[in-house]
Amino acid sequence: MSPLQDWPVQQEYDPKNMPFRRLGPSGLRVPVFSLGGWLTLGGSLIGDPVKDIIKAAFDAGINMFDTAETYADGKSEEEMGRVIKELGLRRTDLIITTKLFWGVGRKGPNDGGLSRKHIIEGTRESLGRLGLTYVDVIFAHRHDHNVPMEEIVRAFNYVIEQGWANYWGTSEWTAREIEEAYHVATKLNLIAPIAEQCQHNMFTRDRPEKEYHHLYKKYHLSTTVFSPLQFGFLTGKYNDGIPEGTRLAQHTEQFHTLLKDLETPSGKDKIRKIKELTKLAEEELQTSMAVLALAWVAKNPNTGTVILGASKPEQLVENLKALEIIPKLTPEILHKIDKILANTPEALPSHGRPALDRFGRI
């Protein structure tokens, strides 16, 4: 037994053909595709189906698993921790990430947010649900405007110093908030966040491609992308309505805004674009719309990892075909995609200096 785990190792990790990238300025290597637990693990999936999904991911070379204290009111962390032990996965083979902000269940004034109290207590409770002694990255799930940035940075440093996490990151923070965290960390000689977990897909581009533009170059920040398929919209399965049993049909409250958008001229224009992109994917790349959308996000060099959601192993295996498409996304293909999307974020003014491309390169 290792001092880092109290369960026997039953399965060795084989990365297969999974590419790895450094996460931000850190030395941590993460797989280009990882598995997330929002809505599925501990939510719509309980018991053996959770084990089937995680095993399929691990067998395919995915060793990074993302969750949060608030996912399924803590049950996502519980299910993930249970399966890791039941499958006998070696803790040092895994990259486990979780997120803090909303708390679990309770409604007390200190049961959420980013106070030092909740960061410390929330971390320990997350570890208890996971059944682990540490996580690899702990994310601030949102920024807390009611807490001084110094308190937030100091608290996450304390968590790291205690050995409860190896790194910390942000999720859905503005560029200004992330930069403030860096300034505080530099001033106090503390550890800065290494990654931002943000939404990035073909229809959500401004923040990851424009707002964070200078962060990639200045701090070598990278992203752990969620919703690369815009909650399934970019698969094309909603082109003709909302099929029964789909994510949008089962979680109407969470996706109220997206459902409403589908009925607007803007939503209908998105469907038109998806149909055009589907044709490009099938005719020029011999792949599906979903696989193209995943490969497109992964192609961005500022993307550390793309978090996949899956409700069954076959879906996960199908999505990983994106690994074969990434090298085929030539500048010519990317230009065609941009032309169809017609939503490339406007470049920042260069004021006579060499302009940077959308990847932050000259």
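This one's a predicted model, so the numbers in the text were calculated from it and none came from an experiment.
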Do K85 and D6 sit within salt-bridge range, that is, some charged N less than 4.0 Å from a carboxylate O?
yes
Check: G232 main-chain N/O paired with T235 side-chain donor or acceptor under 3.5 Å:
yes
Test salt bridge (Lys or Arg N to Asp or Glu O under 4.0 Å) on R207 and E211; report intermediate values, then the result.
CA-CA 5 Å; R207 173 166 279 182; E211 184 182 331; 3.2 Å; yes
N343 side-chain N/O to M202 backbone N/O, donor-acceptor pair under 3.5 Å
yes
Among pairs that include at least one residue of residues 165-196, which meet ring pair (Phe, Tyr, Trp, His ring centres under 6.0 Å), considering only residues two or more places apart or in two chains?
H143-W173, F156-W168, Y182-Y219
When you look at Q10 and E86, which way does the side-chain contact (heavy atoms from CB on, under 4.5 Å) test go after all the steps?
CA-CA 9 Å; Q10 301 175 38; E86 290 184 4; over 6 Å; no
Do the side chains of E180 and R176 get close enough for a salt bridge, i.e. N-O under 4.0 angstrom?
yes
When you check the gap from the basic side-chain N to the acidic O, do R91 and D136 get nearer than 4.0 Å?
yes
Worked check of salt bridge (Lys or Arg N to Asp or Glu O under 4.0 Å) between K312 and D52:
CA-CA 8 Å; K312 49 189 176 182; D52 294 340; over 6 Å; no
Heavy-atom nearest pair, I62 first then L308, reads CD1-CD1, 4.4 Å
Give, for atom CE of M18 and atom CG of N63, the distance between the pair rounded to the nearest 0.5 Å.
8.5 Å
Does any N or O in the side chain of R22 come within less than 3.5 Å of the main-chain N or O of P25, such that one atom is a donor and the other an acceptor?
yes
Does the side chain of T98 come under 3.5 Å of the side chain of E77 through a donor N or O and an acceptor N or O?
yes
When you check the side-chain N and O atoms of D59 and Q11, is any donor under 3.5 Å from an acceptor?
yes
Please report the shortest heavy-atom distance between P15 and F20, naming the atom on each side.
CB-CE1, 4.1 Å
Within a strict 4.5 Å, meaning less than it, do heavy atoms of the I307 and W38 side chains meet?
no
Does any pair with a residue in residues 98-131 pass ring pair (Phe, Tyr, Trp, His ring centres under 6.0 Å), and if so which ones, sequence neighbours excluded?
W102-H141
Could you walk me through whether R82 and E79 pass the salt bridge (Lys or Arg N to Asp or Glu O under 4.0 Å) check?
CA-CA 5 Å; R82 174 186 65 80; E79 286 289 287; 2.9 Å; yes
Do the non-hydrogen side-chain atoms of N302 and L215 ever get within less than 4.5 Å of each other?
no
Min side-chain heavy-atom separation L28-V137 under 4.5 Å:
yes
Do L94 and V30 sit in the same hydrophobic cluster, where Ile, Leu, Val, Met, Phe, Trp and Tyr count as joined when their side-chain heavy atoms come under 4.5 Å apart?
no
For D269, all residues meeting side chain to side chain contact (heavy atoms under 4.5 Å, CB included), sequence neighbours excluded:
R272, K273
Chi angles and distances behind the side-chain contact (heavy atoms from CB on, under 4.5 Å) call for R205, K210
CA-CA 8 Å; R205 303 181 61 178; K210 183 177 180 180; over 6 Å; no
Looking at NZ of K336 and CG of L329, how far apart are the two atoms once the value is rounded to the nearest 0.5 Å?
12.0 Å
E69 and S126 side chains, donor-acceptor separation under 3.5 Å:
no
Other residues, nucleotides and ligands only: do more than 12 of their heavy atoms fall within 6.0 Å of NZ on K16?
yes
Single-linkage hydrophobic cluster Y134~V83, side-chain heavy atoms < 4.5 angstrom:
no
For residues L35 and I46: do they belong to one hydrophobic cluster (side chain heavy atoms under 4.5 Å, members Ile, Leu, Val, Met, Phe, Trp, Tyr)?
no
Rounded to the nearest 0.5 angstrom, the CG-OG distance for L41 and S311 is 10.5 Å
Backbone N/O of S227 and side chain of N201: donor-acceptor pair under 3.5 Å:
yes
Point-to-point distance, once rounded to the nearest 0.5 Å, from CH2 of W164 to CD1 of I138:
10.0 Å
How close do A293 and L229 get, counting heavy atoms only, and between which atoms?
CB-CD2, 3.7 Å
Check whether L316 and L294 end up in the same hydrophobic cluster, where Ile, Leu, Val, Met, Phe, Trp and Tyr are linked by side-chain heavy atoms less than 4.5 Å apart.
yes
Establish, from distance only, whether the side-chain atoms of N110 and E121 form a donor-acceptor pair under 3.5 Å.
no
Okay, side chain of S2, backbone of L4: is any donor-acceptor separation there less than 3.5 Å?
yes
If I compare all heavy atoms of A57 with all of F65, which pair ends up nearest, and what's the gap?
CB-CE2, 4.0 Å
Pairwise side-chain contact, L234 with M289, heavy-atom cut-off 4.5 Å (strictly under)
yes
For I95 and P31, the nearest pair of non-hydrogen atoms, with its separation, is CD1-CD, 4.0 Å
Worked verdict on F139 versus E172 for side-chain contact (heavy atoms from CB on, under 4.5 Å):
CA-CA 10 Å; F139 288 91; E172 294 283 78; over 6 Å; no
Indicate, with yes or no, if I326 and V297 share a hydrophobic cluster defined by side-chain heavy-atom contacts under 4.5 Å among Ile, Leu, Val, Met, Phe, Trp and Tyr.
yes
Report yes if some heavy atom in the side chain of I96 is under 4.5 Å from a heavy atom in the side chain of I84; otherwise report no.
yes
Flag the pair E324 / T287 as yes when at least one side-chain heavy-atom distance between them is below 4.5 Å, and no otherwise.
no
Sequence neighbours excluded, the answer for side chain to side chain contact (heavy atoms under 4.5 Å, CB included) partners of P19 is V32, L323
Does E318 reach the side chain of S288, with side-chain heavy atoms less than 4.5 Å apart?
yes
Evaluation steps, side-chain contact (heavy atoms from CB on, under 4.5 Å), between N300 and T223
CA-CA 10 Å; N300 191 310; T223 59; over 6 Å; no
Residues two or more places apart in sequence or in another chain: which of them pass side chain to side chain contact (heavy atoms under 4.5 Å, CB included) with K279?
E283
Got a sec, which pairs hit ring pair (Phe, Tyr, Trp, His ring centres under 6.0 Å) with one end in residues 302-344, sequence neighbours left out?
none
Tell me, please, whether F203 has K270 positioned over its six-membered ring: NZ or CZ under 6.0 Å from the ring centre and within 45 degrees of its axis?
yes
May I ask you to decide if G61's main-chain N or O and Y13's side chain share a donor-acceptor pair within less than 3.5 Å?
yes
Donor + acceptor pair across side chains of T170, E196 (<3.5 Å):
yes
Rounding to 0.5 Å, atoms CE (M80) and CD1 (I53) come to a distance of 11.5 Å
Quick check: does any side chain N or O of W7 sit under 3.5 Å from a backbone N or O of L87, one acting as donor and the other as acceptor?
no
For the CE atom of M64 and the OG1 atom of T305, what is their distance to the nearest 0.5 Å?
5.0 Å
Which atom names give the shortest non-hydrogen contact between L114 and R142, and what distance separates them?
CD1-O, 3.2 Å
So, do R21 and R29 sit near enough that their side-chain heavy atoms are less than 4.5 Å apart?
no
